[in-house]
Amino acid sequence: MRVAIAGAGLAGLSCAKYLADAGHTPVVYEARNVLGGKVAAWKDQDGDWYETGLHVFFGAYPNMLQLLAELGIADRLQWKDHTMIFNRREVPGTYSRFDFPNLPAPINGVAAILNNKDLLTWPEKVAFGLGLVPAMVRGQSYVEACDQYSWTEWLRLHNIPERVNDEVFIAMSKALNFINPDEISATVVLTALNRFLQEKHGSRMAFLDGAPPERLCQPLVDSIKARGGEVTMNRPLASIQLDGDGRVAGFDMGGPGGGQQVRADAYVSALPVDALKLLLPKPWWQLPSFARLKGLGGVPVINVHLWFDRKLTHMDHLLFSRSPLLSVYADMSITCKGYEDPDRSMLELVFAPAKDWIGRSDEDIIQATMAELKNLFPDHFSGEHPAQLRKSKVVKTPLSVYKTVPGCQELRPSQATPIANFFLAGDYTQQPYMASMEGAVLSGKLCAAAINQSRMATPSKTH
Ligand SMILES: Cc1cc2nc3c(=O)[nH]c(=O)nc-3n(C[C@H](O)[C@H](O)[C@H](O)COP(=O)(O)OP(=O)(O)OC[C@H]3O[C@@H](n4cnc5c(N)ncnc54)[C@H](O)[C@@H]3O)c2cc1C
């Protein structure tokens, strides 16, 4: 089967890889001149990389880990100590850790929480532990049912003091979806906690050893091409043409050199949900599974890169800033081999929530980030020789991953659609890993399986 796929993010590339593995011919069309979508990255004039987002891989990413193993690049993940590290606001320049001992789950997670003395009090730990019992006992069905609540509402329902939000869950909620606990669906936080507590290595983190387009997406493209598929850049899907039965007759592509109509046996949108909504043919909006897409939309986020004249940290890990403006950050000169600098820090910081900042100038954003950093590391920015910022880069994504607010789980479409020859891939489609790289990879795999299944149900014509 020839399958036209719009979008070369992780979902589109994973779909193409699994279709090619199954003997089909995928042809991927990407609008931009860079692979990876939300994991895209670029080199500046000095040869330094900057990225759409600071990306961390988790032990609880089975499909991503399997994909990397299949591509023969599992060694490109740089695994870090099994711990979660938070900045301590009350003692600037110091950290509070949740260290996971080498014990089976959930004992290692429980030990990590109990041994942390800085952030939560004993009564808070007990109240929180009791609150989690239904999620652990009843599993995913309970977790899904909690989609009617925000995380803050869920805490209140369980009589858990809201101070645990200030201490831990503002940071976690911003890391998961770039929004605060009063906005994020309880399902998202509970899903993450469940995986972290139920899988021994679930919360262990790794960084890729370089820029994702080169180190992760290119091997996917090589694998697709080696099995007869194609990946074409600078080719945006411009419109979806329908036949008399309301099925897809072809993809109209834009881009340099003018339009082109693409015909295939099956068609896939691996676009972000906001881009798909702009291209959805009018008659399809009558169908409930497409109509529900109206309730899904991307959340703004900003990724800030700061290059300093010296080392600010020696932490080889992701750090939760617990700052009002910032989410997680890392010193990429330490955590990522490809960005290594033995003498100077390059901090990559996720700026979230970003809704009030996405329209502001890069200068304003850098200034606000630096003010936050001065709170986190006062020693480096005071005295006679304060650390100097050598250069900076701001990458804004006004519509990034879909916003996981209460009620959005039931809006997420499956990979097979009511249109027999049209399929969906993307982190926003139904899969249990929410808006993540793992979710994107799994959605692509599920989409490839749905296409395979459709072929078995109805033998298709070849164009
Ligand atoms: C700042 C930030 C930090 C993140 N951190 C993490 C993390 O630490 N861990 C984690 O697991 N996940 C993280 N994520 C989430 C993760 O990046 C996404 O969930 C995942 O990459 C989404 O992949 P996708 O293929 O579904 O969508 P996308 O990556 O958005 O891919 C869609 C592709 O479609 C293309 N496209 C758009 N319109 C058209 C068109 N008309 N024609 C053709 N192509 C088109 C786009 O250019 C893009 O390449 C982060 C995201 C951001 C933004």
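Keep in mind it's a predicted model, so treat the numbers as computed, not measured. Computed from heavy atoms alone, side chains included, the values below leave out hydrogens, waters and symmetry copies. For ligands, and for the atoms within them, numbers begin at 1 and follow the listed sequence.
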K.L.:
Do we get R195 above Y433's six-membered ring, with its NZ or CZ under 6.0 Å from the centre and within 45° of the axis?
P.N.:
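Relative to the ring axis of Y433, which defines the angle, R195 lies inside both limits.
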K.L.:
Should the proximity of V301 to ligand 1, defined as any heavy atom under 4.0 Å, be assigned to the side chain, the backbone, both, or neither?
P.N.:
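The answer is the side chain.
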K.L.:
Starting from atom 46 (C) of ligand 1, which protein heavy atom do you reach first, and at what distance in Å?
P.N.:
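Closest protein heavy atom to atom 46 (C) of ligand 1: E30 OE2, 3.6 Å.
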K.L.:
Distance to 0.1 Å, residue and atom name: give those for the protein heavy atom nearest to atom 31 (O) of ligand 1.
P.N.:
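Here the nearest protein heavy atom works out to G9 CA, 3.4 Å.
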K.L.:
Distance to 0.1 Å, residue and atom name: give those for the protein heavy atom nearest to atom 37 (C) of ligand 1.
P.N.:
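In this structure, atom 37 (C) of ligand 1 has P272 CD, 3.8 Å as its nearest protein heavy atom.
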K.L.:
Heavy-atom contact check, 4.0 Å cutoff: does F58 meet ligand 1?
P.N.:
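Contact check F58 vs ligand 1: negative.
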K.L.:
So, for F86 and F320, is the gap between ring centers shorter than 6.0 Å?
P.N.:
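Centroid distance F86-F320: below 6.0 Å, so yes.
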K.L.:
Please work out whether any backbone atom (N, CA, C, O) or any side-chain heavy atom from C-beta onward of R32 is under 4.0 Å from ligand 1, and answer side chain, backbone, both or neither.
P.N.:
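Looking at R32 and ligand 1, just side chain atoms fall under 4.0 Å.
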K.L.:
Side chain, backbone, both or neither: which applies to A270 and ligand 1 if a contact is any heavy-atom pair less than 4.0 Å apart?
P.N.:
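Backbone only.
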K.L.:
Measuring from the heavy atoms of T397, does anything fall under 4.0 Å of ligand 1?
P.N.:
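Flag not set, T397 not near ligand 1.
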K.L.:
Just to be sure I read this right, does ligand 1 sit under 4.0 Å from the backbone of Y29, its side chain, both, or neither, counting only heavy atoms?
P.N.:
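It is the backbone that touches ligand 1; the side chain stays farther off.
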K.L.:
Looking at K393 and D44, does any basic side-chain N land under 4.0 Å from a carboxylate oxygen?
P.N.:
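D44 and K393: not salt-bridged.
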K.L.:
Less than 4.0 Å is my threshold; does some heavy atom of N303 fall inside it relative to ligand 1?
P.N.:
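Outside the 4.0 Å threshold, so no.
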K.L.:
Examine S436 against ligand 1 and note whether any of their N/O atoms are separated by less than 3.5 Å.
P.N.:
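By distance alone, the answer is yes.
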K.L.:
Check contact between G254 and ligand 1, using heavy atoms of the residue and a distance below 4.0 angstrom.
P.N.:
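The answer is no, since G254 has no heavy atom less than 4.0 Å from ligand 1.
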K.L.:
Given side chains that start at C-beta, do those of R32 and N234 come closer than 4.5 Å, heavy atoms only?
P.N.:
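No. Closest side-chain heavy atoms not under 4.5 Å.
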K.L.:
Please state which part of Y428 comes within less than 4.0 Å of ligand 1, counting heavy atoms only: side chain, backbone, both or neither.
P.N.:
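Neither part.
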K.L.:
Where on A435 is there a heavy atom closer than 4.0 Å to ligand 1, on the side chain, on the backbone, on both, or on neither?
P.N.:
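Backbone only.
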K.L.:
Grab the two heavy atoms, one from F207 and one from M332, that are nearest each other, plus how far apart they are.
P.N.:
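Answer, listing the atom of F207 first, then M332: CE2-SD, 3.9 Å.
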K.L.:
Between K38 and D427, is the closest basic N to carboxylate O distance under 4.0 Å?
P.N.:
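No, no charged N to carboxylate O under 4.0 Å.
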K.L.:
Identify the closest protein heavy atom to atom 2 (C) of ligand 1: which residue and atom is it, and at what distance?
P.N.:
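That would be F178 CZ, 3.4 Å.
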K.L.:
Is a salt bridge present between R215 and D209, judged by a nitrogen-to-oxygen distance below 4.0 Å?
P.N.:
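The answer is yes: the pair qualifies as a salt bridge.
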K.L.:
Are there more than 12 heavy atoms of other residues, nucleotides or ligands under 6.0 Å from atom CD of Q261?
P.N.:
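Yes, enclosed.
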K.L.:
Any N or O on H55 sitting closer than 3.5 Å to an N or O of ligand 1?
P.N.:
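Such a contact does occur with ligand 1.
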K.L.:
Answer with yes or no after comparing the ring centroid distance for F57 and W79 against a 6.0 Å cut-off, counting only values under it.
P.N.:
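Aromatic pair excluded; centres sit 6.0 Å or further apart.
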K.L.:
Checking contacts here: is it the side chain or the backbone of L237 that comes within 4.0 Å of ligand 1, counting heavy atoms only? Could be both or neither.
P.N.:
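Contact part for L237 vs ligand 1: both backbone and side chain.
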K.L.:
Can we say D341 and K311 salt-bridge, meaning some charged N sits less than 4.0 Å from an Asp/Glu carboxylate O?
P.N.:
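Salt bridge between D341 and K311, a charged N being under 4.0 Å from a carboxylate O: no.
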